[in-house]
Amino acid sequence: MPSENGAVNEGRAGSRIADIVVPVALDKAYSYAVPAGAALAEGDVVVVPLGPRETVGVVWALREGAGANLKSVLGRVDVPPMGEDLRRLIDWIAWYTLAPLGLAMRLALRIPGEDRAEQVRVGVRLAGEPPERLTAARLRVIAAAEGGLVYTKGDLAERAGVSLAVINGLVDTGTLEAVALPPEPVAGLPDPEHAPTALSPDQERAAAVLRAAVAERNFSVTLVEGVTGSGKTEVYFEAVAEALRQGRQALILMPEIALTAQFLGRFAARFGRAPAEWHSGISSRRRERLHRAVASGEVKVVAGARSALFLPFSDLGLVVVDEEHEQAYKQEEGALYHARDMAIVRARIDKAPVVLASATPSVETRVNAARGRYRHLVLPERFGGRTLPTMRAIDMRKKAPERGRWLSPPLLAAMRETRAAGEQSLLFLNRRGYAPLTLCRSCGHRFQCPNCSAWLVEHRFRRALVCHHCGHVERRPDNCPECGTVDALAACGPGVERLAEEVVEHFPDARVITLSSDFPGGIERLRRELEAIAAGEADIIIGTQLVAKGHNFPQLTLVGVVDADVGLASGDPRASERTFQLLQQVTGRAGRGDRPGRALLQTYQPDHPVMRALLSGDAAAFYAEEEAVREAAGLPPFGRLAAIIVSAPDRGEAEAHARALARSAEAPEGIDVLGPAEAPLALIRGRYRFRLLVRAARDSDLQGYLRAWIARTPKPPQRIRVTVDVDPMSFM
Ligand SMILES: Nc1ncnc2c1ncn2[C@@H]1O[C@H](COP(=O)(O)OP(=O)(O)OP(=O)(O)O)[C@@H](O)[C@H]1O
Ligand SMILES: [Zn+2]
């Protein structure tokens, strides 16, 4: 790798040593000599030799020392240094999650890509004499450029109605001269006074507390718990406004940022400018510019996904975590961190207030609020006198749909009424594809993924069978591969595509939109469809969980939950909490406009505590019961959990190492080690998996225990992987 900003190496070793963290799976910093006279500071991004190659790294610490036997730092890279706060955050993440320091550091490292050179924008203006050869086109250009203003070439070509070649020709003749244009600003400056919202008294009370928290310029955490449609967004916008008034920066973390065009529009309406967006859909070139502009303080507000947490804010004055209960905040690959929790860590380091917003907070956050660790603001009502949807269960044991169909008579009747009233219905089913399982009616053969212990999901319009875990795709055959019978394959169970078929049978002239993250057209298509729905251009919407999140569809008055029980059967300790949150969210899409909404839950267990809580609207009772169950079982937040996942291409090896780990567990008082057990997803991407679960008392040194344990277990060969997941969200 070339050194971007001049070599610092002047050949002589100096008197300083740099401890440098490189972005690989190593757990410590490596020492290098700092060449004499090199201007190097902690946090600088540098190029260093690593074995036979060169790599970038970050200066974690500088100290005195000769370092005669050490290799030297080769150069400094011209990117914003990694500030003290970010380095402390990364140390913390590495300590907390047990991720190797180098991997944790990689979260915050941005190195320029190939296209890094900022393209200089050039404009042209009239400068010299008209050329000797004057064509009509050339005359039009000269006329259009009259007055001496600077235009981009494209602009001028358009104004004059000529091609770029004509413009370039006039530059060659000296009639036009090229001048450098200032770079376009990365993001506009949001104005806190642009269009303040008139808040309701409840909202105003909450907003006042948040403004005060921002004005304190100190660390604090405030939970804003408000029912769906209560205006949580409007309220935390007031905290953002206060940060802007103070000239400070604000970070808004969102779980599904790519789908939040509506949010960006609302922000722009309130502040006159959209916030800077940060997520994987943003081009690398733009991300690089944003990275610099966040470091320089030019960008004031970033709305982003998890990784926005690692931007080099120079003066962070507020962090908002929207939908704080969302599982999407947990990073499930690489360093397994929880972005909400790490946002709180970063805010503590940066002495900034945090706002957690949710209609259905996580049990952890509720308990923290109840114990006084967090401030707790409640918005109990929807804005503008609107009411929450009425909730009813449809007992599927009594009101069964026809054979091979999934919509019960009462739900169909409600959809007809809604349609007759010119309103929208939403059917929610959290299953992508056509059918979750395909089998042969003749021999019973089931289609399974060759790499995973999972059934292949039929995607009918792609004419394919797909594994949702590893992405394996195969054609759906006409004959059974096992017994050869023709046309004997049957789809079992519903996915959104199959549901759409049923809806069209019942409502042949309704405008139906099916939303699923795996449809062709990607984010752009989803954004367009969400807009179309909000504009009333659909009668019936069918969707997976991505329709549940934060959208405002004013004409939507009926939500039908096709299978309310789906999430309850998983055996996951958070199954109840998650089902409650998801169904509350999705039903909360109904009745947000002028007309009241209702929700119907198709369930085989109407007496399940989760269903009872949803039907009665008594969230407090649900949380109280859930907390009691967790407390009794020593589960988070009353106790702590860590999962150890051992995986290998060979099942026997994976199991043997998992057992070896269990044997060397030596758990002290207050810590239990459970397992190993074969993981529910026993095979993923060709790797067999075994799980151990560590349950520890709240005040125990879980990380210390895990480190010592893993260190004393004989190191397995490379093909056996041991993954530690502290505070696991997935138990698969
Ligand atoms: N003070 C207000 N003035 C005008 N409109 C408001 C006000 N408060 C809320 N609204 C409107 O009410 C709707 C719901 O508000 P918002 O989306 O902020 O609620 P929320 O609590 O974040 O909802 P959810 O949890 O369901 O996403 C939005 O259309 C919003 O513009
Ligand atoms: Zn698979």
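Indexing begins at 1, ligand by ligand and atom by atom, following the structure's order.
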*asked:* Hydrogens and angles aside, do R598 and T557 bring a side-chain donor and acceptor to less than 3.5 Å of each other?
replied: no
_Donor + acceptor pair across side chains of E332, S730 (<3.5 Å)_ = no
_Could you check whether any heavy atom of A198 sits closer than 4.0 Å to an atom of ligand 1, since that is the contact criterion I want to use?_
yes
Please name all residues satisfying side chain to side chain contact (heavy atoms under 4.5 Å, CB included) with [X], sequence neighbours left out, ordered by chain then number.
| X | answer |
| --- | --- |
| S307 | W278 |
| R266 | T233, E234, F237, N552 |
| R211 | L199, E204, A207, A208, E238, E242, R245 |

_Between T387 and R382, does the side-chain hydrogen bond (donor to acceptor under 3.5 Å, both in side chains) criterion hold? Intermediate values first, please._
CA-CA 6 Å; T387 51; R382 278 194 165 172; over 6 Å; no
*asked:* Minimum distance, heavy atoms only, to atom 10 (N) of ligand 1: which one of Y236, F237, F383 is it?
replied: F383
*Short list, please: which atoms of ligand 1 are under 4.0 Å from a heavy atom of N552?*
13 (C), 28 (C), 29 (O)
_Only heavy atoms of T233, strictly under 4.0 Å: list the atoms of ligand 1 that pass._
16 (P), 17 (O), 18 (O), 22 (O)
*What protein N/O/S atoms are found closer than 2.8 Å to the Zn ion (ligand 2)?*
C449 SG, C452 SG, C467 SG, C470 SG
*Nearest-contact summary for atom 26 (O) of ligand 1 - protein heavy atom, Å*: R592 NH1, 2.6 Å
